[in-house]
Peer 1: 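Before I ask anything, here is the structure I am working with.
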Amino acid sequence: MKRTKIKALLATTDFGNEVTVMGWVKTFRNNQFIAINDGSSIHNIQAVVDFNSTEESLLKRLTTGASVAVTGTLVESLGKGQRVEIKVKTLEILGDSDAEKFPLQPKKHSLEFLREIAHLRFRTNTFNAVFKVRHALAFAVHQFFNERGFVYLHTPIITASDAEGAGEMFRVSTIDFDNIPRNDDGTVNYKEDFFGKTTNLTVSGQLEGELAAMAFGDIYTFGPTFRAENSNTTRHLAEFWMIEPEMAFYDLNGNMDLAEELLKYVIGYALTTCADELEFLKGRLEEEEKLKPQQERSELDLLSKLNFCLENSFERITYTEAIEILKQSKPNQKKQFKYLIEEWGADLQSEHERYLVEKHFKKPVILTDYPKDIKAFYMRQNDDGKTVRAMDILFPGIGEIVGGSQREERLEKLEQRMSEMHVPAEELSWYLDTRRFGSAPHAGFGLGFERLVLFVTGMTNIRDVIPFPRTPKNAEF
Ligand code: 4AD
Ligand code: MG
């Protein structure tokens with residue numbers, strides 16, 4: 001099936017040629033103008049049919065959603081809104097679409113409604129743009145690391161460990177729930193299970209990533225991760241994609257530099273390769289913002305926000321400094337925060353993160369040196385005995401986009417922290433081997449891919465930047 005993609009035709013000035021386009025009908029107006037989209041561009045091509053010489057029954061089948069093959073001459077368009085159009089010679093309906101039943105009518109649908117028909121929402125302008133940008137960002141991530149000699153490591157999806165020690169795992173099992181094998185004392189006999197022990201979907205590829213970093217130097221993972229946390233927010237998914245670089249002979253400063261460089265690189269890549277899509281998404285966001293009260297609207301439009309992020313260095317402050325700022329802040333003094341900041345050691349909620357980024361600094365912020373009690377067991381302990389070499393990157397409108405740390409490379413210190421936090425050392429003996437044999441200072445971080453896509457596209461719900469979102473009580477498609 002020979003066809004030319006619409007993106008290429010819209011860019012050409014080579015008029016008079018015969019071309020074939022295949023795509024889906026967006027609209028059919030005046031019994032004459034078909035707007036066709038084939039997904040290659042956010043823009044449609046217009047095909048003009050001569051209704052006098054076309055069968056009435058064929059014209060009737062040109063309904064929104066139908067798939068068509070159109071052959072004709074590419075001509076300069078006289079109409080407004082497009083530069084080129086096709087003068088149709090032959091027209092074939094490849095797949096009909098019943099206008100009465102097709103849910104995507106040529107009008108504005110709410111994002112909530114489109115989420116319910118996620119199998120069809122790819123065909124809208126918004127989701128065409130969102131998933132093109134998502135693709136570009138994924139590609140840019142690989143390009144960034146490849147240019148720097150990082151090895152792309154595929155860490156397991158099914159694991160027996162809890163990398164974050166937070167217990168938010170989905171069990172992987174083939175046990176028949178209607179006929180559970182039991183030990184004499186009544187407990188479940190997992191020896192009978194597929195792997196002969198309990199296993200779960202990975203929450204992070206970090207621990208395995210560290211093993212490889214201790215051989216290759218610089219590695220990264222980019223894969224799906226799973227969290228069984230019951231968070232029904234616009235920024236949490238039960239299944240999300242994470243990019244996790246891990247580097248030997250790196251300290252926290254190098255780690256922060258790399259993360260900042262990566263974010264700027266991939267945002268810059270999207271700006272140059274997805275200009276049409278981002279222009280469309282900028283307009284979409286402006287429409288959405290008009291519905292909000294003035295003081296809640298963003299000061300910058302989407303493109304200015306992305307460029308601002310590229311042009312300014314991220315603010316770097318310690319957790320302790322952040323707590324001081326928050327304690328003195330207006331919403332804390334006036335008791336407007338849901339969780340008031342009273343003392344050092346408090347975990348930061350998204351309202352606090354957003355205050356720091358959107359109100360106080362008005363730019364991305366990297367917070368470092370968090371209290372050890374609110375962070376994972378593997379982070380390097382500072383000499384103060386209270387804090388660890390952690391870093392979180394906070395973004396406007398998003399909150400935490402990156403979480404990372406320098407790792408505890410000293411065996412004794414790590415073992416002691418694991419025991420304090422009840423992390424089973426026997427099960428992680430393979431992990432501890434890296435500290436036993438040629439341990440080295442190292443660091444890494446995790447970038448939540450959907451939070452990145454949210455930021456770049458200006459969408460406001462994380463369910464709208466992954467094709468088929470998984471959230472509590474929802475696993476459709
Ligand atoms: O801060 P987190 O939990 O860190 C880790 O998993 C480390 N092992 C990373 C590392 O150092 N290699 O998660 C990292 C990032 C967060 O900053 C956030 O962007 C994203 O992953 N994230 C989620 N995104 C969507 N839905 C969720 N439920 C998420 N949980 C974390
Ligand atoms: Mg985190």
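Note that ligands are numbered from 1 as they come in the structure, with each ligand's atoms numbered from 1 the same way. All of these numbers come straight from a predicted model, not from anything done at the bench. Position 1 is the first residue of the sequence; numbering continues from there.
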Peer 1: Heavy-atom contacts with Glu229 under 4.0 Å: which atoms of ligand 1 show up? List them by number with element.
Peer 2: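 Numbered from 1, ligand 1 contributes 27 (C), 28 (N), 30 (N).
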Peer 1: Answer yes or no for Arg470: is there a heavy-atom contact with ligand 1 below 4.0 Å?
Peer 2: no
Peer 1: Purely on distance, is any nitrogen or oxygen of Gln206 under 3.5 Å from one on ligand 1?
Peer 2: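 The answer is yes, given that Gln206 and ligand 1 share an N or O pair closer than 3.5 Å.
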Peer 1: Could you walk me through whether Glu476 and Phe468 pass the side chain to side chain contact (heavy atoms under 4.5 Å, CB included) check?
Peer 2: CA-CA 7 Å; Glu476 285 303 310; Phe468 302 105; over 6 Å; no
Peer 1: Report the part of Glu244 in contact with ligand 1, treating N, CA, C, O as backbone and CB onward as side chain, heavy atoms under 4.0 Å; options are side chain, backbone, both, neither.
Peer 2: side chain
Peer 1: With backbone taken as N, CA, C and O and side chain as the heavy atoms from C-beta onward, which portion of Phe445 lies under 4.0 Å from ligand 1: side chain, backbone, both, or neither?
Peer 2: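 The answer is the backbone of Phe445.
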Peer 1: Would Gly404 count as a contact of ligand 1 if the rule is a heavy atom under 4.0 Å away?
Peer 2: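 True for this residue.
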Peer 1: I need the contact type for Tyr378 against ligand 1. Using non-hydrogen atoms and a strict under-4.0 Å cut-off, is it side chain, backbone, both or neither?
Peer 2: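 Just the side chain.
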Peer 1: Would Arg284 and Glu288 count as a salt bridge (Lys or Arg N to Asp or Glu O under 4.0 Å) if you check the C-alpha gap in whole Å, the side-chain angles of each, and the deciding distance to 0.1 Å?
Peer 2: CA-CA 6 Å; Arg284 192 210 69 84; Glu288 191 180 293; 2.7 Å; yes
Peer 1: Is it true that Asp251 and Arg389 have a side-chain N and a carboxylate O under 4.0 angstrom from each other?
Peer 2: no
Peer 1: When you compare ligand 1 with Ser405, is there at least one nitrogen or oxygen pair between them that comes in under 3.5 angstrom?
Peer 2: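 No, Ser405 has no N/O under 3.5 Å of an N/O on ligand 1.
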Peer 1: Between ligand 1 and Arg235, can you find any atom pair, the residue atom being a heavy atom, that is separated by under 4.0 Å?
Peer 2: yes
Peer 1: If only side-chain N and O atoms count, and only distance matters, is there a donor-acceptor pair under 3.5 Å linking His442 with Glu210?
Peer 2: yes
Peer 1: Could you establish whether Arg227 and ligand 1 come within less than 4.0 Å of each other, counting only heavy atoms on the residue side?
Peer 2: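 So Arg227 counts as touching ligand 1.
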Peer 1: Do Lys327's NZ or CZ and the ring of Trp344 fall within the cation-pi criteria of under 6.0 Å and 45°?
Peer 2: no
Peer 1: Provide the atom name of the closest N, O or S atom of Glu400 relative to the Mg ion (ligand 2).
Peer 2: OE2
Peer 1: Geometry only, no angles: is Ile401 polar-contacting ligand 1 at N/O separations under 3.5 Å?
Peer 2: yes
Peer 1: Less than 4.0 Å between a side-chain N and a carboxylate O, is that true for Glu408 and Arg417?
Peer 2: no
Peer 1: Counting only heavy atoms, which portion of Lys375 has something under 4.0 Å from ligand 1: side chain, backbone, both, or neither?
Peer 2: neither
Peer 1: If the threshold is 4.0 Å, N to carboxylate O, is there a salt bridge linking Lys264 and Glu260?
Peer 2: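 The answer is yes: the pair qualifies as a salt bridge.
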Peer 1: Answer side chain, backbone, both or neither: which part of Thr225 comes under 4.0 Å from ligand 1, heavy atoms only.
Peer 2: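 The answer is neither; Thr225 stays 4.0 Å or more away.
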Peer 1: Going by the order shown, which atoms of ligand 1 are within less than 4.0 Å of some heavy atom of Arg407?
Peer 2: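 Those qualifying, in numeric order: 10 (C), 11 (O), 12 (N).
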Peer 1: Between Ser204 and ligand 1, does any nitrogen or oxygen pair lie at a separation below 3.5 Å?
Peer 2: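 Yes, Ser204 has an N/O under 3.5 Å of an N/O on ligand 1.
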